[in-house]
Amino acid sequence: MRINDSGLFLGNKKYGENSMIVYVLSKNNGLIKSFSKFSKKKRLSFTILDEVNFTWQAKQKDSLGYINLELEASLKKNDSFISSLIKSSVSELCIKFLPLWQQNIEIYIDLQRLIKNLDKKIELIIFNYVWWEILFLKNTGYGINLDKCSVSGSKEKLYYLSPNSGNSVTYSVGHKYRNKLFKLPYCLREKAVSNNFVDYIDALKISSYFLRKSFDYDLSKFVFRSHLINKLKTL
């Protein structure tokens, strides 16, 4: 069978003398893991989250098959240190947690939106990445409720988040249980950009907790995501 599609390059690793295992988040077919052959004259020279067009071929869909990539658009011009860490962190999460061959157009669109804003001021870049992780949780079936109080139904003055249910509550509802709840950072509570990087670190601690809980995986193994959080601590 043969598939033609477009997507976002997530990375590759060498396999044998003349092959690579390539990961692509495709628009219409979800995460694809496949072989790609190369020679001394033609090597893979893509950057993570480059836009690509590709042809994938195999006898059957459940085999790795072979993929041929063509560059559509590169992000190299936007490669600040922070944006590089974010792109690599996105790649880690997608490769580890997304199932193969399962389309998720919401994640794909959210990722395109994130890419388009990687050349903005750093506070906006981090804000967008934090919310990309929150939406990643939602679109993989493990969403947390940041829209209204699960007790009163109020959409205003949300202040705490339950680590058990993932539901948010107002200050008045949750204060007596405050030692058992997350305090919502400004960027999640108000859905607005913060100039305080500690706020983003706190938000990533919350998404870390729910990613770990949802996928039962030690997030400290995600090298680039850990580097990103450590970098934020220096800003």
Side-chain angles (χ1 to χ4, degrees), residues 8-15 20-26 30-34 47-49 64 81-102 104 106-108 110-111 114-115 118 122 125-146 160-168 177-185 187-189 194 196-235:
L8 300 168
F9 178 77
L10 295 180
N12 61 275
K13 58 184 178 181
K14 191 173 181 180
Y15 186 88
M20 291 279 188
I21 292 179
V22 174
Y23 297 89
V24 174
L25 181 61
S26 68
L31 178 65
I32 294 175
K33 175 184 178 182
S34 183
T47 301
I48 291 176
L49 298 191
L64 284 177
F81 184 61
I82 288 291
S83 65
S84 293
L85 288 176
I86 285 174
K87 291 192 293 181
S88 297
S89 180
V90 164
S91 173
E92 288 179 321
L93 292 172
C94 288
I95 290 173
K96 182 62 183 179
F97 293 146
L98 294 182
L100 296 173
W101 295 105
Q102 183 172 310
N104 194 315
E106 292 84 4
I107 289 178
Y108 188 85
D110 289 341
L111 191 45
L114 177 67
I115 290 169
L118 285 176
I122 188 169
I125 293 173
I126 302 302
F127 172 80
N128 287 333
Y129 176 73
V130 164
W131 271 96
W132 182 84
E133 283 199 356
I134 296 298
L135 292 173
F136 182 85
L137 277 165
K138 174 184 176 182
N139 291 320
T140 50
Y142 303 101
I144 57 181
N145 171 24
L146 296 171
Y160 295 107
L161 182 73
S162 169
N164 294 323
S165 66
N167 286 320
S168 54
Y177 308 108
R178 61 190 179 278
N179 293 331
K180 298 181 180 180
L181 304 174
F182 288 117
K183 180 182 176 181
L184 284 173
C187 63
L188 298 184
R189 185 176 72 246
S194 172
N196 184 351
F197 288 100
V198 174
D199 193 74
Y200 297 122
I201 294 171
D202 290 342
L204 289 171
K205 287 179 181 177
I206 290 175
S207 60
S208 292
Y209 175 86
F210 285 100
L211 284 167
R212 189 182 301 112
K213 179 180 179 181
S214 302
F215 294 102
D216 191 24
Y217 189 79
D218 181 3
L219 267 70
S220 66
K221 295 179 180 180
F222 287 147
V223 175
F224 295 105
R225 189 177 185 277
S226 297
H227 283 336
L228 174 62
I229 293 173
N230 289 333
K231 178 62 178 177
L232 294 181
K233 293 177 181 179
T234 69
L235 298 176

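Below, each value reflects all heavy atoms present in this structure, side chains not excepted, and no hydrogens, waters or symmetry copies.
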### Summary
side chain to side chain contact (heavy atoms under 4.5 Å, CB included) with L232: of I201, V198, I122, D199, only one passes, and it is I201
### Task
Check N104 against N139 and note the closest heavy-atom contact, atom names and distance.
ND2-O, 2.7 Å
### Approximate separation, where rounding is to 0.5 Å, of I144 CD1 and L135 CG
9.5 Å
#### Entry: Where F224 and S88 come nearest, the two heavy atoms and their spacing
CG-CB, 3.3 Å
### Query
Do the non-hydrogen side-chain atoms of I82 and K231 ever get within less than 4.5 Å of each other?
yes
### Query
Is any side-chain heavy atom of I126 less than 4.5 Å from a side-chain heavy atom of L235?
no
### S168 side chain to Y160 backbone, donor-acceptor under 3.5 Å
no
### Summary
So CD1 of I125 and CG of L85: to nearest 0.5 Å the spacing works out to 11.5 Å
## Note on the structure
Across all chains, not counting sequence neighbours, the side chain to side chain donor-acceptor pair (under 3.5 Å) partners of R212 are none
## Note on the structure
CG (L211) and NZ (K96) are apart, to the nearest 0.5 Å, by 13.0 Å
### Query
How many angstroms lie between CG in L161 and CG in L181, if you round to the nearest 0.5 Å?
8.0 Å
### Message
Is it true that N164 and S162 share a donor-acceptor pair across their side chains at a distance under 3.5 Å?
### Response
no
### Query
Counting only heavy atoms not in D216, do more than 12 fall under 6.0 Å of its CG?
no
### Close side-chain approach of Y129 to S89, heavy-atom, < 4.5 Å
yes
### Query
When you look at OH of Y177, are more than 12 heavy atoms from neighbouring residues, nucleotides or ligands closer to it than 6.0 Å?
no
### Query
Taking the side chain as C-beta and beyond, is there a heavy-atom pair between L31 and L10 under 4.5 Å?
yes
### Under 3.5 Å donor-acceptor, K213 side chain and P163 backbone
yes
### Query
How many angstroms lie between atom CG of L188 and atom NZ of K183, to the nearest 0.5 angstrom?
13.0 Å
### Task
Locate the shortest heavy-atom distance separating L25 from C94; write the atom from each residue and the value.
CD2-SG, 4.4 Å
### Message
Are I86 and L114 packed together at the side-chain level, in the sense that at least one heavy-atom pair is separated by less than 4.5 angstrom?
### Response
yes
### Task
Indicate the atoms forming the closest heavy-atom contact of F9 with T47, along with that distance.
CD2-O, 3.6 Å
### Query
Between I32 and Y23, is a side-chain contact (heavy atoms from CB on, under 4.5 Å) present by the stated rule, with each step listed?
CA-CA 6 Å; I32 294 175; Y23 297 89; over 6 Å; no
### Message
Can you pull out every side-chain hydrogen bond (donor to acceptor under 3.5 Å, both in side chains) where at least one residue sits in residues 221-230? Sequence neighbours excluded, please.
### Response
E133-R225, S207-R225, S208-R225
### Task
For residues Y200 and I229, determine if any side-chain heavy atom of one lies less than 4.5 Å from a side-chain heavy atom of the other.
no
### Task
For T140, enumerate each residue passing the side-chain contact (heavy atoms from CB on, under 4.5 Å) test, keeping only those at least two apart in sequence or located in another chain.
L98, I107, F136, Y142, F215
### Task
Check whether any side-chain heavy atom of P185 lies under 4.5 Å from a side-chain heavy atom of V130, and answer yes or no.
no
#### Entry: I48 side chain reached by V90 side chain, heavy atoms, under 4.5 Å
no
### Task
Rounded to the nearest 0.5 Å, what's the gap from CG on L219 to CZ on F210? Could you check?
13.0 Å
